[in-house]
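Input: a single structure, listed below in structure tokens.
Here is the naming used below: chain letters follow the sequence lines, and residue numbers restart at 1 for every chain.
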There are 2 protein chains.
Amino acid sequence: MPRKLKNIWRNRRWQGFHEYVDDPRTRLFAALACSQRIEILKLLREGEKCTCDIAPRLRIDISVVSRHLAILKSLGLVESWKEGVNNYYAVVDERIFDILAAASNILKDMAERQRELFDKLR
Amino acid sequence: MPRKLKNIWRNRRWQGFHEYVDDPRTRLFAALACSQRIEILKLLREGEKCTCDIAPRLRIDISVVSRHLAILKSLGLVESWKEGVNNYYAVVDERIFDILAAASNILKDMAERQRELFDKLR
DNA sequence: TACATTATTGCACAACTATGCAATAATACA
DNA sequence: TGTATTATTGCATAGTTGTGCAATAATGTA
């Protein structure tokens, strides 16, 4: 255990499974509570990609992509391997996309209910 | 539109569907990325409850519960109504529990994979 | 070996978030 | 009307998070 945490893991949530006592699902949901990371997952669904493939697609610094990937990897959502100077990443469990789709469906119906409510007020 | 935002909605994410341009699912996942709010949803699944029913169960200040409920309500995950001095809350769409269960399943299998990996290293 | 390419990490910073206390509002009841 | 109960909101604060730049590490190539 390093005396000083690496900067990516500077907080309790991402320190590790053992030290973090909260409902572990909050880590998964926190990982998904960022549109950049959702975009990265969607890109990786197309096929394995290295950090420098992703950065230009999201128009953010490579270092930021690297950190997002580290978070997704720490959860086990993606795996990685080295090929020359490149680090490739791929989705481990496709069911993560079921969760994304379920969230879309719920939000869609929520919006529909909201609309109906407004219609009644007219 | 109020000149100054209410303090609960002091940030972009919770301001409203219209001002927030990110993937709307990030709001849903952010709402679930908090163990207190997950606990609140679980309690409400047992049946409708008012703010003062929930606070002692979670051992946090009523004001905090009130804010968590406001966030869940802003998403449409819960609805509320007044009965005397009490404000009752109830879950709107039970499918939110499907998402919670799906997250559990994914994490369980991730942990299993991790364990197998460590076993191989022995 | 020297240089180029790719990825990660240290650092700094602005913005976001959960929380508790105190003040206020809303309602019921004596 | 005054008092009690419940809920929300203002304010303050410590901790979390996403981001970019610069430095460094890791690898391939001339």
Side-chain angles (χ1 to χ4, degrees), chain A residues 2-15 19-20 22-23 26-27 29-40 48-56 58-75 78 80-89, chain B residues 2-15 19-20 22-23 26-27 29-40 48-56 58-75 78 80-89:
Chain A
R3 199 125 35 107
K4 191 182 174 187
L5 289 172
K6 286 187 196 170
N7 217 359
I8 299 183
W9 317 124
R10 63 199 126 122
N11 52 55
R12 274 194 276 279
R13 173 167 260 149
W14 303 110
Q15 261 177 45
E19 289 81 8
Y20 192 60
D22 269 1
D23 189 324
T26 60
R27 301 176 89 235
F29 293 129
L32 298 177
C34 168
S35 55
Q36 303 285 32
R37 285 196 289 267
I38 291 180
E39 284 306 311
I40 288 175
E48 59 195 46
K49 285 185 173 53
C50 63
T51 313
C52 67
D53 291 332
I54 296 170
L58 301 192
R59 290 179 193 156
I60 50 180
D61 197 88
I62 287 188
S63 66
V64 177
V65 175
S66 176
R67 271 183 249 265
H68 284 317
L69 287 166
I71 287 172
L72 295 174
K73 188 182 174 186
S74 80
L75 266 168
V78 304
S80 73
W81 64 94
K82 215 161 172 59
E83 287 185 20
V85 289
N86 301 293
N87 263 14
Y88 278 87
Y89 289 84
Chain B
R3 199 133 26 117
K4 191 183 174 185
L5 289 173
K6 287 185 195 171
N7 216 0
I8 299 183
W9 316 124
R10 66 201 122 116
N11 51 54
R12 275 194 276 276
R13 174 166 259 150
W14 303 111
Q15 260 177 46
E19 288 82 6
Y20 192 61
D22 269 0
D23 190 323
T26 60
R27 302 176 85 234
F29 293 129
L32 297 177
C34 167
S35 54
Q36 303 285 30
R37 286 197 287 268
I38 291 181
E39 285 304 311
I40 289 174
E48 58 194 47
K49 285 187 174 49
C50 63
T51 314
C52 66
D53 291 331
I54 296 170
L58 301 192
R59 290 179 193 156
I60 50 178
D61 198 88
I62 286 187
S63 68
V64 177
V65 175
S66 177
R67 270 183 252 263
H68 283 316
L69 286 166
I71 286 172
L72 295 173
K73 188 181 174 185
S74 81
L75 266 168
V78 304
S80 72
W81 63 94
K82 217 164 171 56
E83 288 183 22
V85 288
N86 301 295
N87 263 15
Y88 277 86
Y89 288 86

Under the side chain to side chain contact (heavy atoms under 4.5 Å, CB included) rule, collect the residues that match up with B/Cys34, sequence neighbours excluded.
-> B/Gln36, B/Arg37, B/His68

Where along nucleotides 21-30 of chain D does protein come under 4.0 Å, by heavy atom, of base (B) or sugar-phosphate alone (S), with - for untouched nucleotides?
-> B----SBS--

Whether B/Asp61 side chain and B/Ser63 backbone form a donor-acceptor pair below 3.5 Å | yes

Rounded interatomic separation in angstrom, taking CD1 from A/Ile71 and C1' from D/dT19 = 12 Å

All side-chain hydrogen bond (donor to acceptor under 3.5 Å, both in side chains) counterparts of A/Asn87, not counting sequence neighbours = A/Lys82

Please determine if a side-chain N or O atom of A/His68 lies less than 4.0 Å away from the OP1 or OP2 oxygen of D/dT17.
-> no

What integer distance in Å separates A/Tyr88:OH from C/dT5:C1'?
-> 13 Å

Could you state the NZ-P distance from B/Lys49 to D/dT6, rounded to the nearest angstrom?
-> 16 Å

Which part of the nucleic acid, if any, lies within contact of B/Tyr89, taking any heavy atom under 4.0 Å across all strands shown: a base, the sugar-phosphate backbone alone, or nothing?
-> sugar-phosphate

Using atom CH2 of B/Trp81 as one end and atom C1' of D/dT8 as the other, report the distance to the nearest whole Å.
-> 18 Å

What's the CG-P distance between A/Leu58 and D/dG20, to the nearest Å?
-> 11 Å

Would one find a side-chain N or O of B/Asn86 under 4.0 angstrom from OP1 or OP2 of C/dT27?
-> no

Nucleotide nearest B/Asn87 when distance is taken to its side chain, options D/dG18, C/dA18, D/dA7 = D/dA7

Could you tell me which residues satisfy salt bridge (Lys or Arg N to Asp or Glu O under 4.0 Å) with B/Glu39, sequence neighbours excluded, listed by chain and number?
-> B/Lys42

In whole Å, what is the span from the CG atom of A/Leu75 to the P atom of D/dT17?
-> 12 Å

Residues that B/Asp53 engages under side-chain hydrogen bond (donor to acceptor under 3.5 Å, both in side chains), provided they are two or more places apart = none

Of all residues at least two apart in sequence or in a different chain, which pass the side-chain hydrogen bond (donor to acceptor under 3.5 Å, both in side chains) check with A/Thr51?
-> none

What's the closest nucleotide to the A/Ile62 side chain, out of D/dT17, C/dT8, D/dT8?
-> C/dT8

Measure the distance from CG on B/Leu69 to P on C/dT19 and round it to the nearest whole Å.
-> 12 Å

Measure from the side-chain heavy atoms of A/Gln36 and tell me the nearest of D/dT19, C/dA7, D/dT8.
-> D/dT19

